[in-house]
Number of protein chains: 2
Amino acid sequence: MGELPVSKTVAKREARIAEILACAEKHFSIKGFHGAGISGIAADCGISVGHLYHYFGSKDELIQAVVKLEMRRQDESIAAFENLSPENLRIEMAELTNAIFSTDEEPFRTVLNFEILAEAQRNPDVAEILQQQDKQMRLRFVSILRRAGIDDPETRTELIFTIFSGLSARALRHPQQERAALLEVIKDVILKILGDKPVTSGAACA
Amino acid sequence: MGELPVSKTVAKREARIAEILACAEKHFSIKGFHGAGISGIAADCGISVGHLYHYFGSKDELIQAVVKLEMRRQDESIAAFENLSPENLRIEMAELTNAIFSTDEEPFRTVLNFEILAEAQRNPDVAEILQQQDKQMRLRFVSILRRAGIDDPETRTELIFTIFSGLSARALRHPQQERAALLEVIKDVILKILGDKPVTSGAACA
DNA sequence: CAAAATAGAATGAATGCTCTATCTAATGAC
DNA sequence: GTCATTAGATAGAGCATTCATTCTATTTTG
């Protein structure tokens, strides 16, 4: 049901590509983009080096594909907030804050994230992917806030993205942090940002 | 004046080490810890490979020394806030926010920062340095806030560190951002966090 | 003279990538 | 339906290069 009539070979090809990407992501996460080698990736997913090069023309191409995959995943985690009532939006955002700060499988906090940010500073192609995908995420989130009737959504989006980015860095730099207390404060901040009052200091406390 | 009577050779040795560290930092920033090679670093600072190994026993040692150097620099940029009057503290903090978000030579935003965060996830020695130095910075900043008579300094320190970390990530992901507007809002947030009111939402607007 | 500083060749492993060869499966002709 | 042709999938050896590291030899300096 709902299956498009893709030829068997095409389907197999796509499955293989997905498999390679998963292996590559794992290796890149563990050893870094430059630390991981093509031969290791190929070996780990049970194919030959030549075969891998049949699907990806260069290591750079593979890196970029993995970056795109990760960024798309982040975008999807934002898309999940579309079509929520303003009330549920606030609840779910608080939930996401929780997830980012406490679990290890959260898209915002993937191991690859800092690797990507570092790589973007020296690889223009990666920077382009990063920035273009961030733009899409921003536009998506802005329109979510706008639909929820929230004022000045651009600034609030930037504020929230800043805090989320910062949280994952803090989790690395201060892992023993007693999280429960800080979490409550951060959630408060997020909810306050999601309020429909202007974000400037005077007005927020008016 | 104030010079300790270090022997000439010791002084020369330290100068050489500093020179190597500067070259290594440059190469690591441009090509990453794993992308940069010992031979390139040695060549760039005009010494032989063997000579470099005379000062640093391994590449890992060199990496850790560079990480320590960068972290110490960040710590110093916080130490600069010690012994300020509460009034000046607020002013200088707003200034720092400005600097982090707009310039490229700001210690918090060094190219190496994300490289270090990525490396810390796979190299326990680097993680240890990162976390230990972060602890020192936290304690320093907490005591600064405490001396300024600010309530619950631990939470406020964590909040501010989170925002600063997030800002440098945002600068990479959204470089075309119109910064002036956001900057004003962020500065307001920082100043509000530095206020002596409790940080919880209800009380802050009481 | 002895100890530290320095150079640079040499080592062996690992790197990204290419090349050729085989094998499998889809397609077309009759 | 059956055989021939072709296109894609796959393997793995091989290439040149670079890597981190070590070794030995030479120069400089205290």
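Just so it is clear: chains get the letters A, B, ... in the order the sequence lines come, proteins before strands, and each one is counted from 1.
A/F56 places its CZ atom 16 Å from the C1' atom of C/dG16, with the value rounded to the nearest Å. In this structure, the CG atom of B/L62 is 14 Å from the P atom of D/dC19, given to the nearest Å. Between the CZ atom of A/F33 and the C1' atom of C/dG16 there is a distance of 17 Å, rounded to whole Å. One interatomic measurement links the two molecules: CD1 of A/I20 to C1' of D/dT10, which rounds to 11 Å at whole-angstrom precision. Atom-to-atom, CD1 of A/I38 to P of D/dC15 comes out at 21 Å; the value is rounded to the nearest Å. Regarding B/H51, its NE2 atom lies at a distance of 6 Å from the P atom of C/dA7, rounded to whole Å. Nucleotide D/dT24 holds its P atom 16 Å from the NE2 atom of B/H54, rounded to whole Å. One atom, NE2 of A/H34, and another, P of D/dT18, lie 16 Å apart when rounded to the nearest Å.
Atom CD of A/E92 has more than 12 heavy atoms from other residues, nucleotides or ligands within 6.0 Å.
Ring planes of B/F141 and B/F161: tilted class, angle from 30 to 60°.
For A/Y53, counting side-chain heavy atoms from C-beta on, the closest listed nucleotide (D/dG12, C/dA7, C/dG16) is C/dG16. Closest to the side chain of B/K59, from the set D/dT21, D/dG12, C/dT6, is D/dT21.
Taking 4.0 angstrom as the limit, B/S39 places a side-chain polar atom (N or O) nearer than this to OP1 or OP2 of D/dC19. At the phosphate of C/dA4, neither OP1 nor OP2 sits under 4.0 Å from any side-chain N or O atom of B/R13.
The side-chain hydrogen bond (donor to acceptor under 3.5 Å, both in side chains) test with B/T155 singles out one residue from B/T157, B/D152, B/D151, and that residue is B/D152.
Note on B/G50: a base of the nucleic acid sits closer than 4.0 angstrom, heavy atoms only. Heavy atoms of A/G40 sit nowhere under 4.0 angstrom from any nucleic acid atom. Among the heavy atoms of the strands lying under 4.0 Å from B/A36 are primed sugar atoms or P, OP1, OP2 only; no base atom is included. Note on A/Y55: only backbone sugar-phosphate atoms sit closer than 4.0 angstrom, heavy atoms only; bases stay farther off.
Checking A/E158 against B/H174 by side-chain atom types alone, a donor-acceptor pair falls below 3.5 Å.
Pairs engaging residues 39-63 of chain B under the salt bridge (Lys or Arg N to Asp or Glu O under 4.0 Å) rule: B/K26-B/D44 [sequence neighbours left out].
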